[in-house]
Amino acid sequence: MKVGAQIYVRGSIEAVEFYREAFNASLGFYEYFADGTPEDGYHHASIMVGDTEILAVCENECYTSNVVGHPVMQFNCSLGTKEAVLQAYKVLSKEAIKNENPNGPIGVPWDENEQYFSIIDKYNIWWGIGISL
């Protein structure tokens, strides 16, 4: 199992530079929101130490503006098998605060065999779980 974290912040451009400096890290894969300019902030920015992503950063406005108390951090887990993903879904969906996949794990655009779901569990922890992320 591989676990990673993504944080959702206002001012993602500055946050990436702040965390890069803190961890002596580099910027890996990144993409901007909207028209693709830095003024919109990052849709996703990987902060790397060597070849390892230690943190992903995203501008949080589109994710949190409509939800009161929405978590600002998501844990991403790669579980390796469809069965493991289904088991995690079965348990984490019980009394979930928000379930972005109410019909269960789904295939992702880049690989229909990859099962994935995103959920905020009853403890207000935001999970993104798939076979391989």
Side-chain angles (χ1 to χ4, degrees):
M1 174 168 60
K2 176 184 169 192
V3 178
Q6 180 158 326
I7 59 172
Y8 295 80
V9 299
R10 295 195 191 276
S12 58
I13 301 296
E14 291 109 17
V16 164
E17 293 309 310
F18 178 77
Y19 293 120
R20 283 182 55 211
E21 182 179 353
F23 301 115
N24 197 28
S26 61
L27 177 62
F29 170 80
Y30 68 92
E31 63 183 5
Y32 298 113
F33 268 115
D35 66 0
T37 62
E39 291 78 32
D40 298 314
Y42 288 112
H43 177 66
H44 179 94
S46 295
I47 297 176
M48 310 290 291
V49 172
D51 293 335
T52 303
E53 179 184 86
I54 62 163
L55 183 65
V57 178
C58 178
E59 188 71 34
N60 81 347
E61 190 166 330
C62 76
Y63 291 101
T64 62
S65 61
N66 298 329
V67 182
V68 175
H70 196 281
V72 295
M73 182 173 190
Q74 179 182 38
F75 294 98
N76 299 297
C77 295
S78 174
L79 298 183
T81 67
K82 183 176 181 177
E83 292 76 21
V85 172
L86 292 171
Q87 172 63 24
Y89 181 85
K90 178 181 170 185
V91 174
L92 294 173
S93 64
K94 294 177 184 175
E95 301 177 51
I97 294 171
K98 181 174 173 147
N99 187 347
E100 294 180 14
N101 304 94
N103 296 318
I106 59 170
V108 294
W110 58 87
D111 183 353
E112 286 298 314
N113 295 315
E114 167 83 30
Q115 296 294 295
Y116 174 83
F117 68 92
S118 178
I119 200 165
I120 301 173
D121 72 16
K122 66 181 182 177
Y123 299 106
N124 203 34
I125 304 300
W126 189 8
W127 296 96
I129 295 183
I131 292 175
S132 61
L133 300 171

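- Remark: the backbone N or O of A56 is not paired with any side-chain donor or acceptor of S46 at under 3.5 angstrom.
- Counting heavy atoms from C-beta outward, N101 and N103 have side chains that stay 4.5 Å or more apart.
- Nearest heavy atom pair, residue K122 against residue E95, reads CB-O, 3.3 Å.
- Looking at heavy atoms from C-beta onward, M73 lies out of side-chain contact with Q6 at the 4.5 angstrom threshold.
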- Message: Y30 vs V16, test: side-chain contact (heavy atoms from CB on, under 4.5 Å). Steps then yes/no.
- Response: CA-CA 10 Å; Y30 68 92; V16 164; over 6 Å; no
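- By the rule that hydrophobic residues join a cluster once side-chain heavy atoms approach within less than 4.5 Å of another member, F29 and I7 end up as members of separate clusters.
- Within 6.0 Å of OH on Y32 lie more than 12 heavy atoms contributed by other residues, nucleotides or ligands.
- Partner of I120 under the side chain to side chain contact (heavy atoms under 4.5 Å, CB included) criterion, out of N99, I97, I125: I97 alone.
- Ring pair Y42/F33: centre-to-centre distance not below 6.0 Å.
- Closest non-hydrogen pair, I131 versus E114, comes out as N-OE2, 2.8 Å.
- Rounding to the nearest 0.5 angstrom, the gap separating the CG atom in D40 from the CD atom in E59 is 8.5 Å.
- A donor-acceptor pair shorter than 3.5 Å cannot be found between the side chains of Y116 and N76.
- Nearest heavy atom pair, residue P102 against residue Y89, reads O-OH, 3.3 Å.
- Placement of F75 and I119 within a single hydrophobic cluster is found when ILVMFWY residues are connected by side-chain heavy-atom separations under 4.5 Å, directly or transitively.
- Within the 4.5 Å cutoff, the side chain of Q74 has heavy atoms near those of the S118 side chain.
- Atom-to-atom distance recorded for E83:CD and K90:NZ is 13.0 Å, nearest 0.5 angstrom.
- Cluster membership check: L79 shares its hydrophobic cluster with W127, using side-chain heavy-atom separations under 4.5 Å among Ile, Leu, Val, Met, Phe, Trp and Tyr.
- A continuous path of hydrophobic side-chain contacts links I13 to V57 [ILVMFWY only; heavy atoms under 4.5 Å].
- Interatomic distance, NZ of K98 versus CG of D121, reported as 14.0 Å (0.5 Å rounding).
- Under a hydrophobic clustering in which Ile, Leu, Val, Met, Phe, Trp and Tyr are joined whenever their side-chain heavy atoms come within less than 4.5 Å, directly or via other members, F23 and M48 fall into different clusters.
- The minimum heavy-atom distance between G41 and S12, with the atom names listed, is CA-OG, 3.4 Å.
- Applying the salt bridge (Lys or Arg N to Asp or Glu O under 4.0 Å) rule to pairs touching residues 11-30 yields E17-R20, sequence neighbours excluded.
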